[in-house]
Each structure stands twice: as structure tokens, then as C-alpha cells.
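A short write-up of the structure that comes next.
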Amino acid sequence: MTTPPYLEALNPEQRQAVLHTGKPLLILAGAGSGKTRVITTKIAWLIREQGLDPRSILAVTFTNKAAREMADRARLIDDRAGFAMLRTFHSFGAWFLRRNGSLGGLGSNFVIYDDDDSVALLATLLPDLPKAEVKTIAHAIARAKDYFLSPDDPELTLIDHRKEFRRIYTLYEERLAQIGNVDFGDLIKKPVDILRANPEVAQRFRDRFRVIMVDEYQDSNVAQFELLKELCGPSTYICVVGDDDQSIYRFRGAEVRNILEFPDRFTGADIIRLERNYRSFSPILDLASSVVDHNEGRLGKTLIAHRGPGKTPTLAFLPDQDAEAAFCAQLIEKSGALYSDWAILYRTNAQSRGFETEFLQRRIPYRIVGSLKFYEREEIKDALALLSFLINPRDEIAFRRVVNKPARGVGPVTVDRIVNEAAIGGDGDIAKAARRIMPGLTAKARSGVEAFFKALDGGLSLLTPDDTNADNDDRTTVEKKHPRKSSKRGGGSSLAAGAGLAPCVVRLIEDSGIGEYHLTHDDITGQERIANLQELANAASIYPATPAGLLEFLEHIELDRSIEQDTGDEGERGVVTLITVHNTKGLEFHRVIMTGIEQGVFPRDDKNGDDLEEERRLFYVGATRAMDELYLTSCAMRLMFGRTMPMEPSLFLREADKKALRVLGKAPYGFAGGRFPGSLQTKPPAARPMSASSDGRWKVGDRVFHDDQGYGAVTEIRESDEGPVIRVRFETGKDIRFLSLHQSSKYTKIGNDGY
């Protein structure tokens, strides 16, 4: 039989996967192995060569873009592929419920509630709870539905152990049913309930869809697995495509066990591994694989680089985050390559600020993927408005932005009265005007205005008058004059104050309620926004806590923003991409720099077990985005929580195959593996754990108190070239390291006899 031309372009493993029929099939597709080509070709082959009715094919994926791409590519081979049902999971669920929802008491004209709608509905049921708590409960309900847990399910305690959660979940479901609408979780859960309760309907759908295919199966959740199980009958051909090493969305409910246990859940399943990588050179794949190989939860595969050998990945040990940003900029400038060839990867959005500042100064054009540029982010604009108004009480624009954010009962009419009074007063001072008209305001408005100015007064109290000759070297005296026993003034935003101007920034953010406002945005982006605000405080820590220091800080930011405006169009060389590792999924770049490869940053210190395995997969995803060149950076010191902290190389660097790395710079003491081949360092003495510090100040087990972090205990002591490095685990679960010689004054030892 003559091989169809569209199959000739496939390698043997890809062709085997396309031609496979009969038993359930897991296509374990490594990074860059051409999985999309396989699944779309398979759809067309089933129609064209096997005579399958395209309407009997259901193919599901996770984004509308991916579904459209699958349909378009399949139609290029055979137009009839357009009659197959290619949808996202949720789109299929909505389609199903429009036709069969009445079997579950749901009308066909239902509305789909998004996250905000769900929060609003819960708020009507829980009017006495703060919005932050309502959002937390809404997120827990959504997660329960991802795991296919009902209000009466015994395992619901795994989502939220509180007794009232079960009752609230029940009330929420009852109210949704009364209204006749559904949320996103219902689009998967309700079809499963209907199929289970109506065997004849289940059989009708099994007869309709003879072939079911799933793309990106590693991203599926428990409820989606349950839906597949109900749609598959004894004669259904099911084929899933995915990569267990690229399952990185656990925080969204993805369950890697779905792909790991596919052979057990679908009896007799075959596994075909696509291990030929068409994207990267072999040293890049060797490095990525050497890290993810440490995961226990994986099916295993060995990537083979179709492109053959190439440049060995480079690991650069750098002094701090400023040197890191400069190193990246210099690499890009000296390469002579297109800017668009380069991508800077980081673990959290807040890390973008340093690169943005450096690139603006050097006129390197860049774009942020998946987020706004740092100073364009809402929470940063809010904080800067507070600072601007603090230093210039005539700033009407800043005043209007934040006086009623969060809501304090200061409406537009009141704001206009205050601004007009300032204009009439002659000096334009809005703060003075507000105090003049305060007696004439309503009680609610007066209370709101008073709360706003009280927050400003708190920030102002942390500024030392310029005539005291305070400078950067003396800025820590501000903390001693204005001690802060808790960093939770704003209701839980938990920002660390740090040094210099940072305590003023943090005080304003928390006392004004801006921190809490953005923290409660939602469970995912809320934490990101707080991290961005912390990064703003970090940036402020190098400026003196004086009015002049605040002006200098704001001026520096404004100059950066003006440079950005002057940069103009992308030009022929394009722009550098700044992007979190999570957002790189599905992308590729000629040259990639993965930054912040330090313990506590990537991975974070709170990661262990399954979470740590997902962090390794995230490292693997980031590394395999690189086509030609891969660079890693690790800093000895980093500005975190408002202070410069000593850092340790990431666990992943200790796990990596040292032969797959070329090292630049001096590897920190204590780095496992000793001297690297090709390293510029001289061989250092290994850092050694100690029971007591050499300066006699600290012992393992010492109890400590810190103004910002609270109570904790010394868990580890190691020697460094700058003296003993002390690790403290706080009651909050946070680990912080500090240099005994320079920072012990900020930590109070309180003995070992309890608190």
C-alpha cells in the first residue's frame, strides 16, 4: 500500500502513533517533539484512510486557540475534518448542558458565572464576612469542583477542613440552582452527574463519539478525567497526548496523576513515546533532563536532539540582582543577534523590575508577556500615587486615584468639594483643604477622609527631616526610631519593611488598605500583586528615608518611564521578551536566560513533596524553551523583603549534571559538587554546617524575635567568606538567612525556654 504523502513527513514514532488503533493510547510527547502535528494528522487519517465519520470524533484541549489550530491543521489534510468536534473541555460541557441540562434541573438559557460572579453570589449569602474571606471560600469551592467533590463528600475536608465550609458550599449550590445558572466548575461536573444518572444518555453519547482524543492531557483535572470516563464505552477509542514532565498547573487544579496512571485506568493501554526533539541542541536537553530525572512521579523518557550537539548551557554565578540584570543586558548587546531572539525567564512577575530598569537605561527594547510592565501595574500605580501625594499634597490626580481606594465612603461629590476648596484657598494644598471642610461633610465621608489622612500621617512619620543629614548609611536608624512589631497593619498583606525608604512605602501601602485591597483580588493574582508591592519597597530601600530621598525615588521612576516612551517602535531587531516560566509553556526562543536560580526563589523554600516535583517540571519547561543557547543565573545576594539577603544556589543546580554546564564566576561556598569544569573560580573551602556560629552569637535552636517576621528559631548555621550565615525558620513558615556580622542587631535572641 502506498504511504499517503502527508504521512511521509512523520518520523517512525509519530507515524506509529497516527496509525495506532484499537486499544487506548497514551502518546507521551516530549518537549518539541511535534505532538500537535501527530494529533491533527491522526484526526485527518481516521477520516481519510479509515472512513470514519468526522462527526464521531471528539477532540478536546484547554484553550480556544489550541482548538482552532487543531481544526485548521487537520482541514489542510482533509476538509471533512471541519465536521469533527474540536473544543475545549468547558466549551464541550456548555454544549452538552444546553442540550441535556434539563435532566439535571437546568434550563437551556443558563448563564455561566465567572469568578467575580461567584464571589458576588457568595457575598449575598455571607453578608457579614469580609470580601477577602468570601474570595477564599469561592476559590475553595472552585477547587472542590475541580476535584469532583460535592458538599456531602467525605474528602471535602482535603479542600477546607472547617465545618462551616461544607454548609456554605451547600448554600451556594442551592442558590445557584434557584437562580438557574452555573459556574465554570459546573460545566464539567454537571455533565458527569447527568451521564451517571441517565445510562441511556451516556450510551447515546458513547454511540455518537467513537473516537475521543485529548491534547495536553497532563493539564487535566480530576473532574475532567471523570467526564472522559463517562464518555468512553467498551468500543470507544481513546487517545491522549501529553508530557508528564510539563505538568505545571497544579495551582489551577491540574492533576499529574491523570497522565501517570492512564495505563492503569484504561486497561490494556499502549504508550508511544515521542522522544525526538526538533527544537533544542542536545546539551540543553541533557541539562533539563538531568534535573527532572530526580522526580519520582514520572513515566520516563529520553529526549534525543534532532539538531545534534550545540553550545553548552552557561551558569553564571553573580554577586547580586543588579549584576544579574547587567549580565543579561551585556549578553544581549554583545551577541549581535536580534533582540527578538532573546527571552529572560523568571519565577515571579515581581522579578521583572530590575531587568526593566536596566534595559531602559541601555535602550534595549523589551516586552512583558502575560503581565503589564512593572510601573504600569495597577497596584504599583496606586502605591506611587500615595507616595506622590505624600510628598506633594497639591497632586490632584494622585488624590483622586487613591482617596477612596479601597472604598471609604468618599464619593465623587466629596472629592470635588475638597479639590475645589483647595483651588479657592490659593495654595492648592488638598490636605489643608480637606481639613478645612471636614466639619461640613457627612459622617461617613468625614470618617473616610480622616482614615485616608491618618494613613498618610503614618507614612510621613517614618521620614526623617532632610536637615538631620540622614543619608543612606544612617537609614537603619529610622527603623529604630519607629519600630514596627507587626507587618500586618493592612489586614494581612504581610509586607516586610526593610531599610531606607522601604518602611515608609510599606506603612503607606498597609495603613491605606491598598495592600489588603490587592491581596484580595483573588487567590492567584492577589499574591502576585503583593509580591510586586514588596518589590517596589525593595527598590525604595536604597534611598534615604527623607523627603529628599522620596523625591529622588519618584524622580528615578519617572525618568525610567520617560526613557521607555522615547524608545519608540520595536525596529528591525524586535524586542527582548520578559516572561515568567509558567507563561513560556508552548513557546520557544533562540536564546533563553533563566534567572534567579536560587533556593528560596526557584524553587521557593516552602516547596516539598509533590510541589517540589512540580517546580522541577517548571525548570524543565523553562530550559526546553531554548533552541540554540541557554543561560542560567544565580546570585550570592538578593534584595528580598526590603533587605539584602545571602542566597544559596538552587537545589536544581546541585542536581544538574555538571558536565552539561559551563560555569562563569565564583561558585558560592557550600555549593555541592565542588569545582565545576570550566569554572573561573579557584577551589574554595566547602561551607560547613555548624552547631554554633564562630562569633559565639548564635546556636542552632536559639529562639529569636524579629520586628517584621515575628518569632522563630535558628535551624542552620554555615560559615561564609563574610562570616556565619544564620538560617531562621519563623512561625509563619518563612525561612530567612542573615549574616551574623552585619544583621544580628535586627534579630533578638530570647533563649530556649519558650516564648
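Residues Tyr366 and Glu356 bring a donor and an acceptor atom of their side chains to less than 3.5 Å of each other. At a cut-off of 3.5 Å, with distance as the only test, a side-chain donor of His518 or Asp382 sits close to an acceptor on the other residue. The closest side-chain donor-acceptor pair between Arg625 and Thr577, if any, does not fall under 3.5 angstrom. At a cut-off of 3.5 Å, with distance as the only test, a side-chain donor of Asn538 or Gln534 sits close to an acceptor on the other residue. Using a 3.5 Å distance cut-off with no hydrogens or angles, the side chains of Lys311 and Tyr631 do pair a donor with an acceptor.
Atoms CG and CG, on Asp245 and Leu618 in that order, are 12.5 Å from each other to the nearest 0.5 Å. With values rounded to the nearest 0.5 angstrom, Tyr346 atom OH is found 4.5 Å from Leu578 atom CG. In this structure, Met647 CE and Asp320 CG are separated by 12.0 Å, a value rounded to the nearest 0.5 Å.
Taking a cutoff of 4.0 Å between a charged side-chain nitrogen and a carboxylate oxygen, Glu378 and Lys381 do not qualify as a salt bridge. Salt-bridge formation is detected for the pair Asp628/Arg307: a Lys NZ or Arg NE/NH1/NH2 atom is positioned less than 4.0 Å from an Asp or Glu carboxylate oxygen. Taking the charged nitrogens against the carboxylate oxygens, Arg353 and Glu535 do have a contact shorter than 4.0 Å, which makes a salt bridge. Comment: Glu615 does not engage Arg604 in a salt bridge, judged by the lack of any side-chain N to carboxylate O separation of less than 4.0 angstrom. Salt bridge annotation for Glu528-Arg377: absent, with no cationic side-chain nitrogen under 4.0 angstrom from a carboxylate oxygen. Salt-bridge annotation for Asp243 and Lys35: absent, with no side-chain N of the basic residue lying under 4.0 Å from a carboxylate O of the acidic one.
Judged by distance alone, the side chain of Asn295 and the main-chain N or O of Glu613 form a donor-acceptor pair under 3.5 Å. Of the possible donor and acceptor atoms, one in the side chain of Arg654 sits under 3.5 Å from a partner among the backbone N and O of Pro649. Panel note: side chain Arg279, backbone Thr624; a donor-acceptor pair is recorded below 3.5 Å. A distance-only check finds no donor-acceptor pair linking the side chain of Arg529 to the backbone of Gly515 [under 3.5 Å]. Not one N or O on the side chain of Glu358 forms a donor-acceptor pair closer than 3.5 Å with the backbone of Phe355. Proximity of a side-chain donor or acceptor of Ser290 to a complementary backbone N or O of Asp657 within less than 3.5 Å is detected. A donor-acceptor pair under 3.5 Å is absent between the side-chain atoms of Gln246 and the main chain of Lys585, judged by distance alone. At least one donor-acceptor pair closer than 3.5 Å links the side chain of Lys658 to the backbone N or O of Ala656.
Between Thr314 and Leu331, every side-chain heavy-atom pair lies at or beyond the 4.5 Å cut-off.
Closest non-hydrogen pair, Phe359 versus Val576, comes out as CE2-CG1, 3.9 Å.
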